[in-house]
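Since the structure is predicted, the reported quantities are computational estimates derived from the model, not experimental observations. Chain letters run A, B, ... following the sequence lines, proteins first and then strands; every chain starts at 1.
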Number of protein chains: 2
Amino acid sequence: MSKVIIDDVAARAGVSIKTVSRVMNNEPNVSERTRDRVLSAARELNYRPSLSARGLAGSRSYLIGLLYDNPSPAYLAEVQAGLLEACEASHYSLALHPCHHEDPGMPAAVSAALAQARLDGLIITPPVCNVPALMAAVEERGVPYAVISDEAGPSGIAVTIDESAAMRDLTEHVIGLGHTRIGFIAGHPDHKGAARRRDGFETAMKAHGLAIDPAMVVQGYFDFESGRHGARDLLSRTNPPSAIIAANDDMAAGALQVAHDKGLHIPTDLVIVGFDDSPLSRQVWPPLTTVRQPVADMAREAAARVIARLTGAAEPDNPANLAFPHELRLRQSSLGDT
Amino acid sequence: MSKVIIDDVAARAGVSIKTVSRVMNNEPNVSERTRDRVLSAARELNYRPSLSARGLAGSRSYLIGLLYDNPSPAYLAEVQAGLLEACEASHYSLALHPCHHEDPGMPAAVSAALAQARLDGLIITPPVCNVPALMAAVEERGVPYAVISDEAGPSGIAVTIDESAAMRDLTEHVIGLGHTRIGFIAGHPDHKGAARRRDGFETAMKAHGLAIDPAMVVQGYFDFESGRHGARDLLSRTNPPSAIIAANDDMAAGALQVAHDKGLHIPTDLVIVGFDDSPLSRQVWPPLTTVRQPVADMAREAAARVIARLTGAAEPDNPANLAFPHELRLRQSSLGDT
DNA sequence: GCTTCGATTGACAGCGCTGTCAGAAGATGG
DNA sequence: CCATCTTCTGACAGCGCTGTCAATCGAAGC
């Protein structure tokens, strides 16, 4: 039981190893009876094909790479969970490739790693997928890939939510509460999603006839600390906002902390809302109104699509760009106790 | 540049492929001159040995597996970061293996996966490393492994902090603040660490002549929601505590939320402290006093030790069980504004 | 009944690398 | 200078699997 190889299965099923191989790879032209015999032999022996041998002999490595640059742990965990689900379903494995998106040598390094590990596919999260040089390198290598973003290269798959629309909805919720002076803490300038969210905010403001005061928009970097800075800036203005929209939950939590320090009561003195529906948004006090994006689902779908492309499965009708629904999560940071 | 194999390097360096192999594996008995020639040839060609071929030909797969059961995202991310550092330094890769520690079939499944992927080593986090059947299976397979816990099997490596001492320190800090009626929200009963922390709490209480009122100790499960439940229970007692110690930060954050809902001011009405120094502990309000354990360092060391064992490097003198230092992080949830 | 063709199966040659072992090249000593 | 080690290097045989291609089988067609 410790080291079952294909020959054992072949012997037990009374067929050649090639036939076992066919069955294990779901190849056509195997009679139903043979297939069953092989499958039960494999099951009884608890046989699992060796990934190394498969990788070496075939062209495939059965490895999907995840390219990321220290996003928030919660986001990373959710992405991984989604990817792993899809991978396990198809007997693929996931290889982690953290990297630094600002490092100019990164695309080359990734390219080399791709060659070494013979990764079959790649999943790329923001902000890495917003680095043109990297995307060019990936395209050039011809590896099937998906980005968790709204724009892939010509051969890529993109899964995303409509971040602009989501932020528009969120902003309209705040506007609907009666606020007119609304502060905005923008996301990391290297993330395309951050720009989309900002667009959504501005669109909603304009649609409701509200001017966008430049003093009410501050630069953030998607991390907690930048949320604190942003909120301190906004609240120290001569005419501070009555509501703050942060481009993600971490920054909103930072804003919340600053507000508490200043003795402001949320949401009566100040409304604060975030974006992402991260665990943090539920764990701070008061819980943050935010927008949920189904990250795990998106990741699962991204991996599934890439794997489908790999296995030559028929491409679904849907376009390569597919959008997932977002959902407003109204909580006490905008609504008060209920 | 896309597919450099060992023969190319051998040709360029004017040696046999075996010699290239020796150099790539840092084997002894290669002259300095030859080694240099091979190394520069490899560098110029941007050669990376194929993992599949290495895995197939040699006994090694250059893969370290991480066995975990949905711990908090922050913990997972930190562990992964530490492991990846060690792996990259030695050209190993990390394979993720989430599992369910209560699933009776899990040990067998892991054993099978071990055989399939030919994992060279294993890193196991709590609570998976507290499942005897699993640990028995791992021991039986003879794979070098490390647990991030204080107790490994005969052949394993254990890296940990002294959780009991850490909780003792934390408890003494709270006692030192003048509290005598202290509530405790215990951790998940399947985690050995949870028991250690509880021991530490009780030891400190006894050492200071404080009785442990059973009504002041509630069961938690290390998650936010159980922290809420626990705190609600504790605070609804006829004689509620003036301080709550949670066995981790997530639960402390839950307790904090309940306290806020009840209108209690932290820390004047109630002191709340956590454990782990997770990002969350800094992001709630007020920030939580907690205990830092250097998870990333521990993980890195765990992986480094396992890899050292794999490469036959001399075992360091230190025992297989090695303890890292912990550190009290005093913040406003116990100290108030300063 | 015998040919024909598609469906099914197997023999065989690697994939790129490492382990083994024998051979070549230096180093050492008398 | 030659014998004796030691150090270094290379030839060769797989590792477990898949791709190719040829062989076999069975059913349909004449």
* Asked: Touch check for A:Tyr47, heavy atoms < 4.0 angstrom, all strands: base, sugar-phosphate only, or nothing?
  -> sugar-phosphate

* Asked: Roughly how many Å is it from CG in B:Asp120 to P in C:dT18, rounded to a whole number?
  -> 13 Å

* Are the side chain of B:Asp120 and the backbone of B:Ile64 linked by a donor-acceptor contact shorter than 3.5 Å? -> no

* Asked: Starting at CG of B:Asp7 and ending at C1' of D:dG10, how long is that distance when rounded to a whole Å?
  -> 13 Å

* Starting at atom CG of B:Asn26, determine the distance to atom P of C:dT18, rounded to an integer number of angstrom. => 12 Å

* Not counting sequence neighbours, list each pair that qualifies as a ring pair (Phe, Tyr, Trp, His ring centres under 6.0 Å) and has a residue in residues 40-67 of chain B. => B:Tyr62-B:Tyr92

* Asked: Under the 3.5 angstrom rule, does the side chain of A:Asn25 hit a backbone N or O of A:Arg22 as a donor-acceptor pair?
  -> no

* Asked: Can you check the B:Arg37 CZ to D:dC8 C1' distance for me, whole Å?
  -> 12 Å

* **Terminal axes of the helix from C:dG1-D:dC30 to C:dG30-D:dC1 (five pairs each): angle between them, nearest 10 degrees** => 40°

* Asked: Do B:Arg37 side-chain atoms and B:Ala13 backbone N/O form a donor-acceptor pair below 3.5 Å?
  -> yes

* Asked: Between atom CG in A:Asn25 and atom P in D:dT20, what is the gap in whole Å?
  -> 13 Å

* Asked: Taking atom P of D:dC8 as reference, at what distance in whole Å does atom CD of B:Glu27 sit?
  -> 13 Å

* Structure fact -> Scoring nucleotides 5-15 of chain C by protein non-hydrogen atoms under 4.0 Å (B base, S sugar-phosphate only, - none) yields ---BBBB--BB

* What's the OH-P distance between A:Tyr62 and D:dC17, to the nearest Å? -> 12 Å

* Asked: Are the aromatic ring centres of A:His97 and A:Tyr68 under 6.0 angstrom apart?
  -> no

* Asked: Below 4.0 angstrom from OP1 or OP2 of D:dT18, is there any side-chain N or O of A:Arg54?
  -> yes

* Can you run down the ring pair (Phe, Tyr, Trp, His ring centres under 6.0 Å) pairs that involve residues 103-144 of chain B, sequence neighbours left out, and say none if there aren't any? => none

* Could you list the residues that satisfy salt bridge (charged side-chain N to carboxylate O under 4.0 Å, His left out) with B:Glu44, not counting sequence neighbours? => B:Arg12

* Salt bridge between A:Arg300 and A:Asp297, side-chain N to carboxylate O under 4.0 Å? -> yes

Under 3.5 Å donor-acceptor pairs involving side-chain atoms of residues 125-140 of chain B, not counting sequence neighbours:
{"residue": "B:Thr125", "atom": "OG1", "partner": "B:Leu67", "partner atom": "O", "Å": "3.4"}
{"residue": "B:Asn130", "atom": "ND2", "partner": "B:Asp190", "partner atom": "O", "Å": "3.4"}
{"residue": "B:Glu139", "atom": "OE1", "partner": "B:Ser155", "partner atom": "OG", "Å": "2.9"}
{"residue": "B:Glu139", "atom": "OE2", "partner": "B:Tyr145", "partner atom": "OH", "Å": "2.6"}
{"residue": "B:Glu139", "atom": "OE2", "partner": "B:Ser155", "partner atom": "N", "Å": "3.2"}
{"residue": "B:Glu139", "atom": "OE2", "partner": "B:Ser155", "partner atom": "OG", "Å": "3.2"}

